[in-house]
Structures are given as C-alpha cells and as structure tokens.
Amino acid sequence: MAIPVPSPKPKILIPEKVSPDGLALLKDSFEVDEKKGLSPDELKGIIGEYEALIVRSETKVTAELLEAAKKLKVVARAGVGVDNVDVVSATKYGIIVVNSPSGNINAAAEHTIALMMAVARNVGDACSSIKSGKWERGRLVGIEAKGKTLGIVGLGKVGLTVARIANGFGMRLIAYDPYANPNLAAAASVTLKPTLAEVQKEADFLTLHTPLIASTKGMIGAAELATMKPTARILNVARGGMIDETALLEALNAGTIAGAGIDVFTSEPPEADSPASRLIAHPKVVATPHLGASTKEAQENVSIDVCEQVVSILSGELPRSAVNAPIILPEEYRTLQPFVTLVEKMGSLYTQHYTSHLTASGTKAKDFRTTFDITYEGALTNLNTTKPLFAALVKGLLTPITSSDGLNINIVNAELLAIDRGILINENRSRENVEDKPYSSFVTLRARASRSPSHQRTDISRSNSPAASRALARQEQEDQVIQGFVSGNKPFISRLDRFKGEFVPRGTLLICRNFDSCGKIGFVGSLLGKAGVNIKFMNVAPLHEDVEENVGDVEGNEALMILGVDKPVGQDVVKGLIGQEGVLEASVVTL
Ligand SMILES: NC(=O)C1=CN([C@@H]2O[C@H](COP(=O)(O)OP(=O)(O)OC[C@H]3O[C@@H](n4cnc5c(N)ncnc54)[C@H](O)[C@@H]3O)[C@@H](O)[C@H]2O)C=CC1
Ligand SMILES: O=C(O)C(=O)COP(=O)(O)O
C-alpha cells in the first residue's frame, strides 16, 4: 500500500535577525530557514523556493529579487519603514507586503531622546575622552533640555511619542507636518508651524520623524542648516537621506551647527571615507548603527506582529497591516469568500466557453470580449469593498489563458494585470428585482458587445427615446451573459449566454447548443458512452426569459445542454457531435 507522502511545508526565509518570539508561531506549519549574511546573489539564488520572506531594514527586496521569487506570496517587514522593499514590483507580482506599523515606535522615540541627551551632554566625546585616559571636565560642558525648543519634523507615531517624552523634560514643542492631526498635536502640547523654515529657525533641537519619500529626501540641506541657530543640534532616527550628510559635516566643522545625533545613514553600513563615515567620526556627533528599534521589547513586538500576518496570508486569509492591499475586515472576508469562488468560476467559465467552443464550421473562437459589466445584486450591494470579487473575476478570466509560471493573481495585482491585458471591468451594484429571485444575492457578468462607455448605456436606459431603447435592447441582446448565485455556501450558475440553466460550476463540463427537440440527449449520451466518457449530471437550459426569440443564427427553439462528465472530452469527440442531430456548437470547460 502506498504510504501517503505529506505535502511539503511552505517555506519561509529570514535573512536577518528576527526575534524568536514570532518565529515560534511558524515552526509547526512552515519550514523556517534563518540564513543571515547572504549576498544579494545568494539571496536571489534561493528565493524561488520560498512562499514568505521576513526582513528588517538591511535586506534590499529589489524588483530583480521579486521577479526570481516565483512562489513568494508575502514580504513581511518586521518594522515600520518599507523603503528597502520595491513595493510597486511586489504589487505587480501579486506579492502582499506587510509591516509592523506600531511594534517599535516607543523604542525609536526613546532612542531619539537618548541621542538628544547624549548630544546635549557630549556623552560620545566624553566617553571616548575618559576611555583614552583623559579627564576633561572643562571642555565637555553641555546644555539642558529643559526650556529648550524641540522642533519635530513629522508628527506621526514616533514624532508624537518623542513629543510626549520631551514634554516631561519641560521642553517647548513645535512641529512641521502638513498632514498632522491638530487635535493630537494640541493634546501633546505641540504647536504646529505652517513651514519647515519656522521650525528650523526656532529649534534648539531638530528631530526628524518622517518616512523617506520624495518630499522628504534631502529636506535638510546646506540652505536649511544655514537658517538654524549655531547652537542647534540635529537628530535623525528616521532615515538616512533626509539630511545632506556633506552639508551637515561642513556645518559642524564651521561651527554653524553645534552637534548631531544620528542613527540612520544614506548607506548602511556606511562606506569607508564616505560623508556618512566622516560624520560618524566627528567629535560633535553621537552615532549609532540603526539601533532605533533594537530593543528586546520592540523586536518581540514586531516579530510576533509580522509572523501572525504571515500565518494569516499563507492560510488564505488577509493580514491586518498590508502595505499594498486593501484592508478587509475578517468577518466581511468570510461573507465574501463563497462569492469570491463564484465570481472566479464565472470568469473562468467565460474565458473557456467563449474561446474554445467548436461550431459546425470548425473551431470558431467567439469574440473574447474585454469589456465587462459585473453587477452585484441583493446583500452584495452593502459591501464596504468588492476588491476580492474584482480580483476573483480577473483571476478567473486570465488563469485559463495565462502561463501559470508564478503569476499570482490576487487583490494586490488584479487591477494592474487587467489593465495590462486591456480588460475593462465596470462594477455595478443593483438593488432592483432581487425580491422575485429565490436567493439573496446574484452576480451578473455581462461581456459587452461594444466598448461603449457604461454610462452611455445608463444614459440611454434613462432616456425616453424609443429608438435609443431599441438600440440598447439590441446591444444587450448581443451581450454575452453569465449569472450566478450562492446557496448554502455553494456557487451556482443560473444563466449562460442566452440560456437559463442551473448547474454547479465544478469539474469538466460539455456544453452543447442545439435544437430543442427530442433525441438530442440520447445522441450525445451514446456518443460520449462510445468514447468512454461517463455523464455525472445533465441540465437542459431553455432560452432565458430576457432573451428575444430567434436572436441567434437559427429559427425556432434552441436549448443549451450542460453535461458534467467524469473526464476531459477530446476535441475529436466534440467535433463528432457538431452538425449531427441538431447539435449546433459545443465547448468543453474545466472549472
Ligand atoms: N531608526 C529606526 O530604527 C526606526 C526608524 N523609523 C522610521 O521613523 C520614521 C517615522 O516612523 P513613524 O512615526 O512610524 O511614521 P508615521 O507614518 O507614523 O509618521 C510619519 C509622519 O511624517 C509626516 N510627513 C510625511 N511627509 C512629510 C513631509 N514632507 N514633511 C513633514 N512631515 C511629513 C506624516 O504626515 C506623518 O505624520 C519612518 O521613516 C520609520 O521608518 C521607525 C522605527 C524605527
Ligand atoms: O522600523 C523601522 O522603520 C526601522 O528602521 C527599524 O529597522 P530595523 O528593523 O531595526 O532594521
């Protein structure tokens, strides 16, 4: 008897030091590889084996690395800043990026205060001096924080925490942050200033707490330093690159800035003889090697935070701190899940049915249209977000025609992939005529005959012009329509093209359009039997009541026969069906 081979555990790569507290959450269900000191090439060489990557600030998660990460589902940043992750490329590859927005905030704030006091009291210089055997009490007189003005650039989580601690030192607090919450500022006794220049002019200590983004890169250069008091001190526990390191070095040497406390640098570790390394060596600088978050408590926090999110994502759920995906509440996601399955099946059924069916004249891929209206009816109209449904549709439409090498279509990249493929999806919500339907929610997918803007149809439908209404009706009659619903958490198709049939979109289906007359079922059944194909279920779908008669290419009644079969049906068998006994066309789909 074959011994069942357990499927291999998903693999998680951790190329930096991450606290074991979070890793303990991973060990049972995942294969966890802690591999520190990898070169970029070594990392690229192995990343393809992993479903998750957990990093801090040292690992550069580049577009090139992400392209090689064929199985990667999540990049988890055990900290706040994600500037070492190419988030745009991660989004393109459908890789969710998560971080820990609050786990190390207090640590960074306390480190800022530590550097502020170390600079104020010349601790760095004094420590070096006394360790070298000197006793220089006269040279190393410092200043007090009490009564001094602390200028905060970026009044976010860290900036506000710094303000609250500094308030206890009796400091005057001012800040520049164009997006700050005035109420939070006031509650922390911070006076918001309209310009950075005003903060620079008044500050005795200037501390930076913004992300490294276009508006903050190089924000403190020679010109800004020249406007500051010559007794001012600069603190940076945010990101290197926000201060021009050469300009700061020159100001320190010229005595136009009195000191600096720096934890972050433009390159980490700094290159030899770079402005950063010369800053570190300067006697008026207290420098630390990116230690803002390096406390036992902070590392436990961020490790547990991101590892819990990695477990969620690899278990098919959504994380709480996604950087590049919409936040969907867990209870909402549970409600949505059956409809996510339905919509993905509808998309896949559309693509397979309309690109693979055969007619009597041979293979004729009906026009695979690229303009879709998807309408959510009933309870689905109350959702906060339909992003998972949009993503499911894109995934269903594209998966049958996309080489599956690592393309992970999900709520992160669906919109980008649809645009890349020229697919336009208009999402609509309709509260009309659900009452007369047996189920609480319906989804209607309409592949439009023309790319006329959807508002044009709405305008027509609202106009009273008979001619416009007839034009709209003709357009809608030519649309390719699939409708479905969920019952008992199971997806059902209730309309396919112009036919009203109810079937579960699962397994291999043979779909035949034929004259609606006797003998068809027997003919198809016996031909499949000769081919060794067993029929598991069958549904005969008449024309839908919304469809005008004889719109198709035949006169009289037609019907759609949907047969669930136990194995794929060869093209030769399908060709043997068509043109015989009134079978007009057929397709085989696998859902
Ligand atoms: N050195 C270390 O180990 C650590 C560094 N950090 C870094 O500290 C920085 C701040 O972190 P958080 O407070 O969590 O971020 P946050 O997002 O909570 O706050 C950033 C603040 O900057 C403001 N801001 C954005 N652009 C601005 C601009 N052009 N001018 C002025 N203000 C602007 C925002 O409005 C926001 O209030 C981040 O860069 C983060 O990576 C955070 C933790 C540890
Ligand atoms: O959280 C942040 O933004 C940090 O800079 C912390 O960096 P680290 O995780 O200590 O390398």
Side-chain angles (χ1 to χ4, degrees), residues 14-19 22 36 54-61 75-85 87 97-115 151-165 174-185 188 190 192-200 203 206-220 224 235-243 261-266 268-269 287-303 305-306 321 323:
I14 304 167
E16 291 188 63
K17 181 171 171 42
V18 173
S19 167
K36 300 180 187 62
I54 301 178
V55 299
R56 291 184 53 188
S57 61
E58 290 184 20
T59 304
K60 305 310 173 204
V61 186
V75 172
R77 179 4 176 160
V80 174
V82 291
D83 41 285
N84 54 317
V85 179
V87 176
V97 178
V98 299
N99 72 342
S100 176
S102 304
N104 62 18
I105 299 305
N106 186 63
E110 289 187 357
H111 195 64
T112 303
I113 297 295
L115 285 181
I152 303 169
V153 182
L155 199 63
K157 301 186 293 294
V158 177
L160 271 171
T161 307
V162 168
R164 291 178 185 124
I165 299 171
I174 61 176
Y176 170 70
D177 183 336
Y179 320 102
N181 179 325
N183 299 327
L184 287 179
V190 176
L192 284 172
K193 296 287 187 180
T195 65
L196 174 60
E198 285 180 77
V199 173
Q200 284 163 326
L206 184 76
T207 186
L208 307 184
H209 298 291
T210 69
L212 180 60
I213 51 181
S215 66
T216 63
K217 190 173 173 62
M219 77 191 308
I220 308 292
E224 289 72 21
L235 307 170
N236 188 3
V237 181
R239 275 298 178 272
M242 292 185 327
I243 300 177
I262 306 172
D263 181 53
V264 287
F265 304 90
T266 48
E268 297 181 356
T288 49
H290 201 141
L291 295 180
S294 297
T295 64
K296 182 176 176 301
E297 297 85 352
Q299 288 310 308
E300 280 178 16
N301 294 340
V302 296
S303 175
D305 189 357
V306 296
S321 303
V323 170

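One-based numbering, in listed order, for ligands and for the atoms of each. Quick caveat, the model's predicted, so the values are computed rather than measured. Any value given below was found using the heavy atoms of this structure, including those in side chains, with hydrogens, waters and symmetry copies removed.
- At the top of the distance list for atom 6 (C) of ligand 2, counting protein heavy atoms only, stands Arg77 NH2, 3.4 Å.
- Not a single N or O atom of Thr216, backbone or side chain, sits closer than 3.5 Å to an N or O atom of ligand 1.
- For Asp83, the closest heavy-atom approach to ligand 1 does not fall below 4.0 Å.
- Among Leu155, Asn99, Val237, the residue whose heavy atom lies closest to atom 4 (C) of ligand 1 is Val237.
- Considering backbone and side-chain N/O of Asp177, one or more are found under 3.5 Å from N/O of ligand 1.
- Among the atoms of Val158, some N or O lies under 3.5 angstrom from an N or O of ligand 1.
- At a 4.0 Å heavy-atom cut-off, ligand 2 does not touch Ser100 at all.
- The shortest N/O to N/O separation between Asn104 and ligand 1 does not fall below 3.5 Å.
- For atom 39 (O) of ligand 1, the nearest non-hydrogen atom from the set Ile213, Leu212, Thr210 belongs to Thr210.
- Heavy atoms of Pro211 come nearer than 4.0 angstrom to ligand 1 in at least one pair.
- Between Gly156, Gly240, Ala293, it is Gly156 that holds the heavy atom closest to atom 19 (O) of ligand 1.
- Residue Lys217 places its NZ atom among 12 or fewer non-hydrogen atoms of other residues, nucleotides or ligands, all under 6.0 Å distant.
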